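The structure appears right after this line, and notes come after that.
Since the model is a prediction, treat every value here as computed from it, not as a measurement.
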Amino acid sequence: MSHPFFERHQALLEQATQALASRGYWSAFTEMPSPRVYGETANDEGKAAFDARLEKPFALTQPATVGQVGKEVSPYGFNLGVSYPKADLDQLFAVIESATPAWRKAGPQAWVGVSLEILQRLNQRSFEIAYSVMHTTGQAFMMAFQAGSPHAQDRGLEAVAYAWEEMRRIPATALWEKPQGKNEPLKMEKRYRVVPRGVGLVIGCCTFPTWNGYPGLFASLATGNAVVVKPHPGAILPLAITVQIAREVLQEAGFDPNIVTLVAHEQGDDTAATLATRPEVRLIDFTGSTANGDWLERNAHQAQVYTEKAGVNQIVIDSTDDFKGMARNIAFSLTLYSGQMCTAPQNIYIPQDGIDTPEGRVSFDAVVQAIGDSIVKLTGDAAKAVEITGAIQNTAVLDRIEAARAIGEVVVDSRALEHPQFPGARVRTPLLAKVPAGEEQKVMQEFFGPISFGVATRDTAHSLALAGKTVRQHGALTLSVYSSNPQIIEQAREVAEDSGVALSINLTGGVFVNQSAAFSDFHGTGANPAANASLTDSAFVASRFRVVQSRAHV
């Protein structure tokens, strides 16, 4: 049946589904924090709303609450002091079970309409969410706004649009008529009902809680499933706000708000494993470490598990028509959010005999040094640099930087920067080291954070072979190639297609390998060990529902 929220947002949904087919640039939500778009006072109001949440319990009335949890610390140097309802899981799932029947019966238009209304209200709260992302993940404000709010909302909308496309392929009824020669034909009326799988569990990450969390949340909700949101203990607030808004919309739409619930927990306990193996949980969306992702895939047998895990992202440099542009582009990719992105490059393969450029042959050492010099230039002014680097979310990254110094010859060392607004912020510039030919095995693992290596190879053929082997064995979300030779570019395409990784070619301008655009780029392929799913495609949504039919003679 139709629903007022579906009718309200039907035009937006049609635009989104058209964008899925065209794959060109399209965004439903403005990525710039423009006063003209969001309102003259939106930034101040969002900051005030964030500040008002500090040092007090989060205002979420949720059944099955048996206490409070929460110890978030801003990477910018202060405690958030926010506490969240602690859920008794048995009681919570009993409440969810009671809420489910009416939601399941409401049907695709209601599910999709409610999802679209939630996304619109999230957009209206973009500044508040941006500050909550900034002070839980360490992203600089502009990234926190863009990636944490409109870009994340676009990814959620993309999942809803795919869900709608898959569900609307199923007709409500059909008349089946089979000819029987001289006899009367056999006639049956058939009815088809889209049935959700069960409870969806979203396991949030600490670096991109909304951008990585929204696709699974909205893919499950828009296909009629109840959703339990389990944030990372270090980044609860952005997803808690999301759950709060979702519950408000559900209640206004006439549904039990317990269709969407929050499970916050303390660092180091077994909440994630306990939730993931409950029989009620039939869908799991996870972003995080390879160890935890592999555990889910092996042990959560009752659920369809979608994982994004660690990988070794790589750049192959063969030659270039724009040496300075290449060095600047790579340096920015290494510096952006201090390498704390699942798409950030790590290993840069360069022939030991150097590369061809319009200025002549450039040696291996000079290529690495040029990238290093660009990093130094980007990070020379601390006040400007912190708006690119952000802050370090997890202190384990600092230990990783220290260990990486011993792996190769340091070209540019990581250093601490003083943040002009937040004196206690954990800010580090990128470390770039050289690894000689034959020692590439030292860097065939993910060094998450502002850590990268210029790796000498025998030649470009060796670089491409090494890249493909690494993707197949260790996984990757991105691969980048620089070459002025069309044959090399075609070889790189073949390597990317054979190993199952997204390829970027000759990026020298304002697009960076780290970036992934909703409605155009498929984030992850599901074809290598770094991820078993793609954000977002039909496969990401189609298994979240089933079709049950009934038939009768007429």
Side-chain angles (χ1 to χ4, degrees), residues 311-336 339 343-378 407-409 411-412 430-440 442-444 447 451-471 476-496 499 501-509 511-515:
V312 180
N313 299 318
Q314 304 158 102
I315 298 175
V316 172
I317 302 179
D318 166 73
S319 56
T320 181
D321 292 331
D322 183 359
F323 184 72
K324 291 182 179 179
M326 178 191 74
R328 286 195 302 267
N329 190 282
I330 293 174
F332 189 88
S333 291
L334 300 177
T335 307
L336 186 62
T343 50
Q346 174 183 300
N347 293 349
I348 308 167
Y349 303 131
I350 307 161
Q352 59 189 349
D353 294 333
I355 69 169
D356 288 328
T357 76
E359 293 77 30
R361 194 77 175 171
V362 178
S363 69
F364 167 82
D365 287 342
V367 174
V368 180
Q369 189 63 55
I371 297 169
D373 290 345
S374 292
I375 292 172
V376 172
K377 187 174 181 180
L378 271 174
I407 290 176
E409 178 186 343
V411 176
V412 175
L431 169 77
L432 175 63
K434 290 189 294 190
V435 176
E439 296 186 16
E440 62 270 6
K442 292 181 177 180
V443 295
M444 291 302 125
F447 290 82
I451 301 164
S452 57
F453 305 97
V455 182
T457 62
R458 294 190 298 273
D459 50 29
T460 297
H462 181 211
S463 297
L464 289 171
L466 186 60
K469 179 181 178 181
T470 302
V471 173
L477 288 170
T478 63
L479 173 65
S480 185
V481 65
Y482 289 89
S483 180
S484 52
N485 185 335
Q487 292 181 325
I488 295 295
I489 291 174
E490 284 308 307
Q491 291 171 18
R493 289 186 195 273
E494 291 178 8
V495 168
S499 59
V501 64
L503 175 68
S504 296
I505 301 166
N506 290 332
L507 298 183
T508 58
V511 176
F512 305 95
V513 68
N514 320 52
Q515 298 170 319

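No side-chain heavy atom of Thr343 sits less than 4.5 Å from a side-chain heavy atom of Val513. Looking only at side-chain heavy atoms (C-beta outward), Asn514 and Thr478 stay at 4.5 Å or farther from each other. Side-chain contact between Ile330 and Tyr482 is present, with at least one heavy-atom pair separated by less than 4.5 Å.
The side-chain contact (heavy atoms from CB on, under 4.5 Å) search around Thr357 returns Thr320, Phe323, Ile355, Glu359, Val362, not counting sequence neighbours. Scanning for side-chain contact (heavy atoms from CB on, under 4.5 Å) contacts around Lys442 gives Ile407, Glu439, with sequence neighbours left out. Residues meeting the side-chain hydrogen bond (donor to acceptor under 3.5 Å, both in side chains) test with Arg361, sequence neighbours left out: Asp356.
Distance alone, capped at 3.5 Å, is enough to place a donor-acceptor pair between the Asn329 side chain and the Gly509 backbone.
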Between Leu507 and Phe512, is the side chain to side chain contact (heavy atoms under 4.5 Å, CB included) condition met? List the steps. CA-CA 7 Å; Leu507 298 183; Phe512 305 95; 5.5 Å; no

CA sep, side-chain torsions, deciding dist, call: Glu440, His462, side chain to side chain contact (heavy atoms under 4.5 Å, CB included): CA-CA 11 Å; Glu440 62 270 6; His462 181 211; 4.1 Å; yes

Side chain to side chain contact (heavy atoms under 4.5 Å, CB included) between Tyr349 and Thr460, worked out: CA-CA 8 Å; Tyr349 303 131; Thr460 297; over 6 Å; no

Side-chain donor-acceptor contacts of residues 363-373 below 3.5 Å, not counting sequence neighbours, with atom names and distances?
{"unit_1": "Ser363", "atom_1": "OG", "unit_2": "Ala366", "atom_2": "N", "d": "3.1"}
{"unit_1": "Asp365", "atom_1": "OD1", "unit_2": "Lys434", "atom_2": "NZ", "d": "3.0"}
{"unit_1": "Gln369", "atom_1": "NE2", "unit_2": "Asp373", "atom_2": "OD1", "d": "2.9"}

Could you list the donor-acceptor pairs under 3.5 angstrom formed by side chains in residues 485-496, with sequence neighbours left out?
{"unit_1": "Asn485", "atom_1": "OD1", "unit_2": "Gln487", "atom_2": "N", "d": "2.9"}
{"unit_1": "Glu490", "atom_1": "OE2", "unit_2": "Arg493", "atom_2": "NE", "d": "3.2"}

Only distances under 3.5 Å count here; give the side-chain donor-acceptor pairs of residues 463-470 to other protein atoms, sequence neighbours excluded, each with its distance to 0.1 Å.
{"unit_1": "Ser463", "atom_1": "OG", "unit_2": "Thr457", "atom_2": "OG1", "d": "2.7"}
{"unit_1": "Ser463", "atom_1": "OG", "unit_2": "Asp459", "atom_2": "O", "d": "3.3"}
{"unit_1": "Thr470", "atom_1": "OG1", "unit_2": "Gln314", "atom_2": "OE1", "d": "3.4"}
{"unit_1": "Thr470", "atom_1": "OG1", "unit_2": "Leu466", "atom_2": "O", "d": "2.7"}

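Heavy atoms only, all atoms of each residue included: Ala344 and Gly339 are closest at CB-O, 3.8 Å. The two residues Pro436 and Ala456 come nearest to each other via the heavy atoms C-CB, 4.1 Å.
Partner Ser483 forms a side chain to side chain contact (heavy atoms under 4.5 Å, CB included) with one of Ile317, Val316, Asp321, Asp318 and no other, that one being Asp318. Among Ser452, Pro345, Ser504, Ser333, the single residue meeting the side chain to side chain contact (heavy atoms under 4.5 Å, CB included) criterion with Ile315 is Pro345.
Between Ser480 atom OG and Asn506 atom CG the span is 8.0 Å, to the nearest 0.5 Å.
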